[in-house]
Amino acid sequence: MLLYNDPQPGAVLDASAHPLQSNQALQHLLGELQVPLIQLLPFNVAALVSASLRQQRAIEDVEHQVGERILLWSFIPELASQQVLARGRDATRERRSVKEAAEASRLYRLITENTSDMISHHSPDGTFLDASPAAWTLLGYWPEQLRGIQTKHLLHPEDRHRLFTAREELEITGRHTMTYRIGHRQGHYLWFETASHAIRDAYSGEVIEVVSVSRDVTARVKAEEIRHRLADVIEATTDLVLFLDGQGDLTYINQAARRALWVEPSINRDGDGDGDGDGDKNTQHGQQPLPTLNSLLDDSSRQRLLDGLETAREQGAWRAEMYLHHHHRHALPVSLVLLSHTAADGVRYFSVVARDMTERELRESQLRRHQEELAHASRLTTMGELASGIAHEMNQPLAAVVNYAGASLRYLKRLPRQDQVHDKVAEGLTRITLHANHAAEVIKRLRAFLRKGQPRLQKLDANGVISHALMLCQWDANEKQVQLLTELQAALPDIFVDPVLLEQVLINLLRNAIDANRERHGHSGSHVTVRSYRCQENWVCVQVIDHGPGLSEERLAQIFTPFFTSKADGLGLGLSISRTLVEGFGGTLEAQSHPDGLVFECRLPAIHADNTFTDKQ
């Protein structure tokens, strides 16, 4: 009767482990699991029954798993009848809880023993109760050596006051994180970051233990210190430092850049101008909103910088020289280096380090002017003496030529017979007079120019001067079988020059080109091209292109040197004087080779409709 009413599954077994009777709880369990009794009992049930009877004692808590169920069986012997009571109980939850606790304990031990962070237990006053093995790696102490040591004895003297704050916060909130210096066993200090959690008594609520997780953040703290020092250096440097994001928008400018670009501190609420008032979120350190690239660079420079961003992305750096503008101030010449960086989160940004080159430009400009003055003085000294002598010797013969040509023309007109020959001779005498007068005027103007007299500058159409020079050289070109071709651009801006002197420069270039063609082609025929066009919107360019033998690079570099000539009967002064004349107009005269001869390019500054010169580029 007792067996039948037992709430735990039970059965009476004979000495051979055969069931004699079972209770209601066992029948219910068999119906629930849908298995025969033999599968519900341990596999070695016969041996267990035999051992229980032989040893005359109960065998308890024999584990047997049926499906998801875990049963614990006890075998109790009845010696008089040689029977055994098999009594079981469901221990599924109990055994699973034990296994889960063991697994959690194993994982906790595994994490504690292998983590690089130090996990430690402390009493409320900060005394070490225990620590993980990472204490040896981080501090040079074995966990056993830390037990009983108060934390404050390891902290840097300047950081010990933080323990009081930590203790108060743990009492109030139960959690606290702090960064401090802690002593290593070898004597040096490390920066630690510790996150602590308070464990309270279940009844009183008092803190009875503190669990802390500590990590070495020395590298991070030193990196932050280095960043702060670099920031101080960037703010103190005299170079302009600007940061740009990946799209090329400014995100930061240093103090030198703020001064150079006139980005003044904003006025705060009390009006004292110290910049400590509330500022807009788009401002930097209480400054006015950062300027944009549109306000700092013109279109071409801005495009160069944006192209430079792509180069910096690929190569890491890009260098250039350009001008910065802001608040309609004078352009600021800078030499800059653009560097590409990648932040910790992978975002690309750029830094620009720019050096103000104003002083260098002034020095170079002064040096150029000084050198130009010296070169000009040297040329003038040499050519002035020659010009004076040539002018003195040539004025009288030219006057005689004009007089004789005029007299001959007057006598010719008195002849009664007028025919084609008469007209040809008259035309020749007229041309002689024209060229002789032109030569006299050139010599007069050249002498005045070389003596630093005031040139007779006029607002002129460049194509008109070119056309007149071509007319004066046409006869010589026809004689040498050279065709003069023109490519003159219409509607050129006016230039401000002495027409006679510029005309003489062009005549000199044309005659040199004609002679070069004749030297190479003889009488077989060739052509010289004269081209005019507007270059860079601020200059009028005139090119004279020949098809002669050309010059080597070495001789080409000396072509404008006084007394240097490639002609057997030349003096080597024509090109030197021509360059001096063009430079006197504010222009340049250069020569370069092309595959079939030489190109002489004369660049003259254009003037606006209001008679003002454009800036040089």
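We number each residue from 1, following the sequence as shown.
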Undergrad: Kindly say whether Leu485 contributes a backbone atom to a donor-acceptor pair with the side chain of Thr529 at under 3.5 angstrom?
TA: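 Absent.
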Undergrad: With distance as the sole criterion, is a donor-acceptor pair present between the side chains of Glu487 and Tyr533 under 3.5 Å?
TA: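 No.
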Undergrad: Just so I know, are the side chains of Leu297 and Tyr323 near enough to count as touching, which here means a heavy-atom distance under 4.5 Å?
TA: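 Not in contact.
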Undergrad: Show me the side-chain donor-acceptor pairs of residues 224-231 shorter than 3.5 Å, one per line, residues at least two apart or across chains.
TA:
none

Undergrad: Over all heavy atoms of both residues, which pair between Ile545 and His594 is shortest? Give the atoms and the distance, please.
TA: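 In this case the closest contact between Ile545 and His594 is CG2-NE2, 3.6 Å.
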Undergrad: Report the residue from Asp299, Asp298, Leu305 that forms a side chain to side chain contact (heavy atoms under 4.5 Å, CB included) with Ser301.
TA: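 One option only clears the test, and that one is Asp298.
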Undergrad: Show your reasoning for whether salt bridge (charged side-chain N to carboxylate O under 4.0 Å, His left out) applies to Arg603 and Glu590.
TA: CA-CA 8 Å; Arg603 300 177 71 217; Glu590 303 293 340; over 6 Å; no
Undergrad: Side chains of Arg520 and Ser526: is there a donor and an acceptor less than 3.5 Å apart?
TA: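 No, no side-chain donor-acceptor pair sits under 3.5 Å.
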Undergrad: Does the side chain of Val599 come within less than 4.5 Å of Val544's, by heavy atoms?
TA: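 A side-chain contact under 4.5 Å is absent here.
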Undergrad: Looking at residues at least two apart in the chain, or sitting in another chain, which of them share a salt bridge (Lys or Arg N to Asp or Glu O under 4.0 Å) with Glu310?
TA: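 With neighbours one apart ignored, the set is Arg313.
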Undergrad: Are side-chain heavy atoms of Val497 and Val582 found at a separation under 4.5 Å?
TA: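 The answer is no; the side chains never approach within 4.5 Å.
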Undergrad: Look up atom CD in Gln504 and atom CG in Asp498, then write down how far apart they are to the nearest 0.5 Å.
TA: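 CG of Asp498 is found 11.0 Å from CD of Gln504.
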Undergrad: Regarding Gln303 and Asp307, is there a side-chain donor-to-acceptor distance under 3.5 Å anywhere?
TA: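 Distance-only check passes for Gln303 and Asp307.
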Undergrad: For the residue pair His521 / His547, report whether a side-chain donor-acceptor contact shorter than 3.5 Å exists.
TA: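 Side chains of His547 and His521: no pair found under 3.5 Å.
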Undergrad: Check the pair Leu244, Tyr252 against side-chain contact (heavy atoms from CB on, under 4.5 Å), reporting the backbone distance first and the verdict last.
TA: CA-CA 7 Å; Leu244 297 86; Tyr252 165 84; over 6 Å; no
Undergrad: Could you report the tightest heavy-atom contact between Val465 and Leu506, atom names first, then the distance?
TA: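 Val465 and Leu506 have their closest heavy atoms at CG1-CD1, 4.0 Å.
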Undergrad: Given side chains that start at C-beta, do those of Ser340 and Arg348 come closer than 4.5 Å, heavy atoms only?
TA: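 Yes. Closest side-chain heavy atoms under 4.5 Å.
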Undergrad: Please examine the side chains of Trp318 and Leu339, heavy atoms only from C-beta on, and report whether any two atoms are closer than 4.5 Å.
TA: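 No; the side chains remain at least 4.5 Å from each other.
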Undergrad: For Ser593 and Leu551, which heavy atoms make the closest approach, and how far apart are they?
TA: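 Shortest heavy-atom separation between Ser593 and Leu551 comes out as OG-O, 3.8 Å.
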Undergrad: Please give me the minimum heavy-atom distance between Gly248 and Leu309, naming the atom from each residue.
TA: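 Here Gly248 and Leu309 meet closest at CA-CD1, 3.8 Å.
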Undergrad: Return each pair, listed once, that meets disulfide (SG to SG under 2.5 Å) where at least one residue sits in residues 483-540; pairs must be two or more places apart or across chains.
TA: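 Those involving residues 483-540 are Cys535-Cys541.
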Undergrad: Okay, side chain of Gln489, backbone of Arg534: is any donor-acceptor separation there less than 3.5 Å?
TA: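 At least one qualifying donor-acceptor pair exists.
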Undergrad: Say whether, by atom type as modelled, one donor and one acceptor occur between the side chain of Asn512 and the main chain of Leu575 under 3.5 angstrom.
TA: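 Flag not set: sc Asn512 to bb Leu575 has no pair under 3.5 Å.
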Undergrad: Of the non-hydrogen atoms in Ile234 and Thr237, which two are nearest, and what is the gap between them?
TA: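 Where Ile234 meets Thr237 most closely, the heavy atoms are O-CG2, 3.1 Å.
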Undergrad: To check you understand the geometry: which heavy-atom pair defines the closest contact between Pro549 and Ala516, and what is its length?
TA: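 Shortest heavy-atom contact: CD-O, 3.4 Å.
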Undergrad: Please list, chain by chain and in numerical order, all residues satisfying ring-ring contact (aromatic ring centres under 6.0 Å, His included) with Phe350, sequence neighbours excluded.
TA: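 None.
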Undergrad: As a quick check of understanding, evaluate side-chain contact (heavy atoms from CB on, under 4.5 Å) for Leu242 and Asn254, giving each step before the final call.
TA: CA-CA 7 Å; Leu242 306 91; Asn254 71 340; over 6 Å; no
Undergrad: Any chance you could measure Leu509, atom CG, to Leu589, atom CG, to the nearest 0.5 Å?
TA: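 Leu509 atom CG to Leu589 atom CG measures 6.0 Å (nearest 0.5 Å).
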Undergrad: Any chance you could measure Thr251, atom OG1, to Tyr349, atom OH, to the nearest 0.5 Å?
TA: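 One finds 9.5 Å between OG1 of Thr251 and OH of Tyr349.
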Undergrad: Any donor-acceptor pair under 3.5 Å linking the side chain of Asn517 with the backbone of His527?
TA: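 Yes; at least one donor-acceptor contact below 3.5 Å.
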Undergrad: Compile the donor-acceptor pairs under 3.5 Å between side chains in residues 469-476 and protein atoms, sequence neighbours left out, one pair per line.
TA:
| unit_1 | atom_1 | unit_2 | atom_2 | d |
| --- | --- | --- | --- | --- |
| Gln474 | NE2 | Asn478 | OD1 | 2.9 |

Undergrad: Could you check whether Asp546 pairs with Arg518 (Lys NZ or Arg NE/NH1/NH2 to Asp/Glu carboxylate O, under 4.0 Å)?
TA: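 No, no charged N to carboxylate O under 4.0 Å.
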Undergrad: Once ring-ring contact (aromatic ring centres under 6.0 Å, His included) is applied, do any residues pair with His468, and if so which ones, sequence neighbours excluded?
TA: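 For His468, no residue satisfies ring-ring contact (aromatic ring centres under 6.0 Å, His included) once neighbours in sequence are set aside.
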Undergrad: What I'd like to find out is whether the side chain of Ile495 reaches to under 4.5 Å of the side chain of Ile607, using heavy atoms alone.
TA: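 Ile495 does not reach Ile607 side chain to side chain.
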Undergrad: With distance as the sole criterion, is a donor-acceptor pair present between the side chains of Ser532 and Asn463 under 3.5 Å?
TA: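 Yes - a donor-acceptor pair under 3.5 Å links their side chains.
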Undergrad: Is a donor from one side chain sitting under 3.5 angstrom from an acceptor on the other, for Ser335 and Arg355?
TA: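 No pair is found: no donor N or O on one side chain lies under 3.5 Å from an acceptor on the other.
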Undergrad: From Phe496 CZ over to Leu502 CG, what is the distance, rounded to the nearest 0.5 angstrom?
TA: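 Answer rounded to 0.5 Å: 13.5 Å.
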Undergrad: Quick one: does His523's side chain get under 4.5 Å of Lys480's, heavy atoms only?
TA: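 No, too far: nothing below the 4.5 Å cut-off.
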Undergrad: Show your reasoning for whether side-chain contact (heavy atoms from CB on, under 4.5 Å) applies to Met322 and Leu336.
TA: CA-CA 8 Å; Met322 58 181 61; Leu336 61 85; 3.8 Å; yes
Undergrad: Roughly how far, to the nearest 0.5 Å, is the CG atom of Leu492 from the CG atom of Leu460?
TA: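 Spacing of CG (Leu460) from CG (Leu492) equals 13.0 Å.
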Undergrad: Are side-chain heavy atoms of Leu484 and Val530 found at a separation under 4.5 Å?
TA: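 Answer no - side chains too far apart.
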Undergrad: Please lay out, stage by stage, how Leu296 and Leu250 fare under the test side-chain contact (heavy atoms from CB on, under 4.5 Å).
TA: CA-CA 11 Å; Leu296 293 180; Leu250 283 174; 3.6 Å; yes
Undergrad: To the nearest 0.5 Å, how far apart are OG in Ser578 and CZ in Phe560?
TA: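 Going from OG on Ser578 over to CZ on Phe560, the span is 8.0 Å.
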